[in-house]
Amino acid sequence: MREEDLEIALKVVIVGNGAVGKSSMIQRYCKGTFTKDYKKTIGVDFLERQIECEGEDVRLMLWDTAGQEEFDAITKAYYRGAQACVLAFSTTDRDSFEAIHSWKMKVEDECGDIPTVLVQNKIDLIDQCLVEPEEAELLSRALGCRLIRTSVKEDVNVNQVFRHLASRCLAELREEDQDYAYSGNGLHPLTINAFGPTPLNSKNHHSNGTIKLKSGKHRNRKKRNIFRNSCRIL
């Protein structure tokens, strides 16, 4: 199989309290639709979308999880294997903002440290805001992740949320492949693809033509230099 035929598949979990707009967010992103009628997610829902990011074909598999505590036993099982996470809270729901630390811990318990974005939804209701802008920014810095303010209803910044996560995951995939190629056991046979030098037998490459980024729990947690420059064959 040619390198250019490989597909990158990323599992993304969307977590947060109920009624913050998680289901509406993935419906808007994957189907371009929005409904103002709230329908509680029972357990887990799933949608996917194929995008192009930084010259690569990426399949985003979006797992929408219930925000109610009674579904914790069900939803936690679906966190496993996730490569990225959306932490969502509502502009008009103070409790959802204060619960973000708890949601992040639940995901980390199953997935380790994975690319994460903090999303403040419903900014179209800013006149009803119960979270100060500075508070959201402080939380973002404390969690070590980017803050993106969205309005799913008005389709503001929804695409930016998932494109940011895809970009972060691509960067980590490049790091993993580069680390593998230049491991302490010596150089492995390399080929040049869009990620730069990549071993022909890279641990990320699967025989079905899919590249999957391992979840954070299975990664080397030491700090590494970010691989910033993609190698392209012109």
Side-chain angles (χ1 to χ4, degrees), residues 1-15 21-34 45-64 81-88 111 114-119 121 145-181 190-200 202-216 219 224-234:
M1 177 172 293
R2 297 174 304 171
E3 289 288 336
E4 57 266 30
D5 291 334
L6 292 172
E7 176 191 59
I8 300 162
L10 301 174
K11 178 178 178 180
V12 182
V13 290
I14 296 89
V15 303
K22 300 186 301 297
S23 298
S24 296
M25 184 181 300
I26 69 168
Q27 289 284 337
R28 170 67 83 182
Y29 184 65
C30 295
K31 297 183 177 181
T33 60
F34 174 78
D45 199 2
F46 169 83
L47 285 173
E48 64 178 49
R49 177 174 168 178
Q50 191 90 14
I51 66 169
E52 185 276 333
C53 183
E54 300 180 9
E56 307 301 331
D57 291 325
V58 180
R59 179 160 54 97
L60 294 172
M61 302 174 291
L62 308 179
W63 293 83
D64 170 28
Q83 289 96 27
C85 174
V86 175
L87 297 170
C111 306
I114 59 177
T116 300
V117 62
L118 177 65
V119 172
N121 190 32
C145 59
R146 182 177 175 181
L147 169 66
I148 299 179
R149 295 182 168 96
T150 67
S151 169
V152 173
K153 180 181 179 182
E154 303 295 337
D155 197 13
V156 175
N157 290 338
V158 176
N159 282 354
Q160 186 178 347
V161 171
F162 298 103
R163 185 160 292 277
H164 170 70
L165 287 177
S167 181
R168 285 281 313 280
C169 287
L170 286 173
E172 294 211 359
L173 184 58
R174 292 166 187 154
E175 285 185 69
E176 288 193 356
D177 277 353
Q178 191 179 38
D179 285 354
Y180 186 77
L190 301 179
T191 185
I192 299 295
N193 66 4
F195 293 152
T198 304
L200 290 172
S202 168
K203 63 185 184 303
N204 292 313
H205 293 188
H206 296 255
S207 59
N208 64 356
T210 300
I211 301 174
K212 290 191 176 180
L213 184 64
K214 288 189 176 181
S215 60
R219 297 181 197 156
R224 297 174 292 182
N225 293 326
I226 299 298
F227 182 77
R228 296 186 182 275
N229 299 315
S230 300
C231 296
R232 304 282 178 180
I233 301 178
L234 301 179

> Of the non-hydrogen atoms in Val58 and Cys53, which two are nearest, and what is the gap between them?
Replying inline: CG2-CB, 4.3 Å
>> Using every non-hydrogen atom in the two residues, find where Ala82 and Cys111 come nearest and quote the distance to one decimal.
In response: CB-SG, 3.9 Å
>> If the condition is salt bridge (charged side-chain N to carboxylate O under 4.0 Å, His left out), which residues does Arg149 pass it with, not counting sequence neighbours?
In response: Glu137
>> Has Arg49 got a side-chain atom pairing as donor or acceptor with Leu60's backbone, closer than 3.5 angstrom?
In response: no
> Which residue pairs pass the salt bridge (charged side-chain N to carboxylate O under 4.0 Å, His left out) test when at least one of the two sits in residues 151-167, sequence neighbours left out?
Replying inline: none
> In Å and rounded to the nearest 0.5 Å, what is the CZ to CD1 distance from Arg168 to Ile114?
Replying inline: 10.0 Å
> Under a 4.5 Å cut-off applied to non-hydrogen side-chain atoms, are Val117 and Val119 in contact?
Replying inline: yes
> For Phe46, which residues count as a side-chain contact (heavy atoms from CB on, under 4.5 Å) partner, sequence neighbours excluded?
Replying inline: Glu48, Met61, Trp63
>> To check you understand the geometry: which heavy-atom pair defines the closest contact between Glu54 and Ser167, and what is its length?
In response: OE2-OG, 2.5 Å
> What residues form a side-chain hydrogen bond (donor to acceptor under 3.5 Å, both in side chains) with Thr116, not counting sequence neighbours?
Replying inline: none
> How many angstroms lie between atom CE of Met25 and atom SG of Cys30, to the nearest 0.5 angstrom?
Replying inline: 11.5 Å
> So how far is it from Leu62 CG to Ser23 OG, rounded to the nearest 0.5 Å?
Replying inline: 11.5 Å
> How many angstroms lie between CD in Glu56 and SG in Cys169, if you round to the nearest 0.5 Å?
Replying inline: 13.5 Å
> With a 4.5 Å limit on heavy-atom distance, are the side chains of Ile14 and Ile26 in contact?
Replying inline: yes
> Any idea which heavy atoms bring Ala166 and Leu10 closest together, and the distance?
Replying inline: CA-CD1, 4.1 Å
> Would you find a donor on one side and an acceptor on the other, under 3.5 Å apart, between the side chain of Gln83 and the backbone of Lys11?
Replying inline: yes
> In Å, rounded to the nearest 0.5 Å, how long is the span from NZ of Lys22 to CG of Leu87?
Replying inline: 11.0 Å
> Do Val86 and Val12 have side chains that get closer than 4.5 Å, going by heavy atoms?
Replying inline: yes
>> Please enumerate all residues that pass side-chain hydrogen bond (donor to acceptor under 3.5 Å, both in side chains) together with Gln50, with sequence neighbours excluded.
In response: Glu7
>> Does any part of the side chain of Asp57, heavy atoms only, come nearer than 4.5 Å to the side chain of Ile8, both counted from C-beta?
In response: no
>> Is it the case that the side chain of Asn121 and the backbone of Val152 share a donor-acceptor pair, with hydrogens and angles ignored and the cut-off at 3.5 Å?
In response: yes
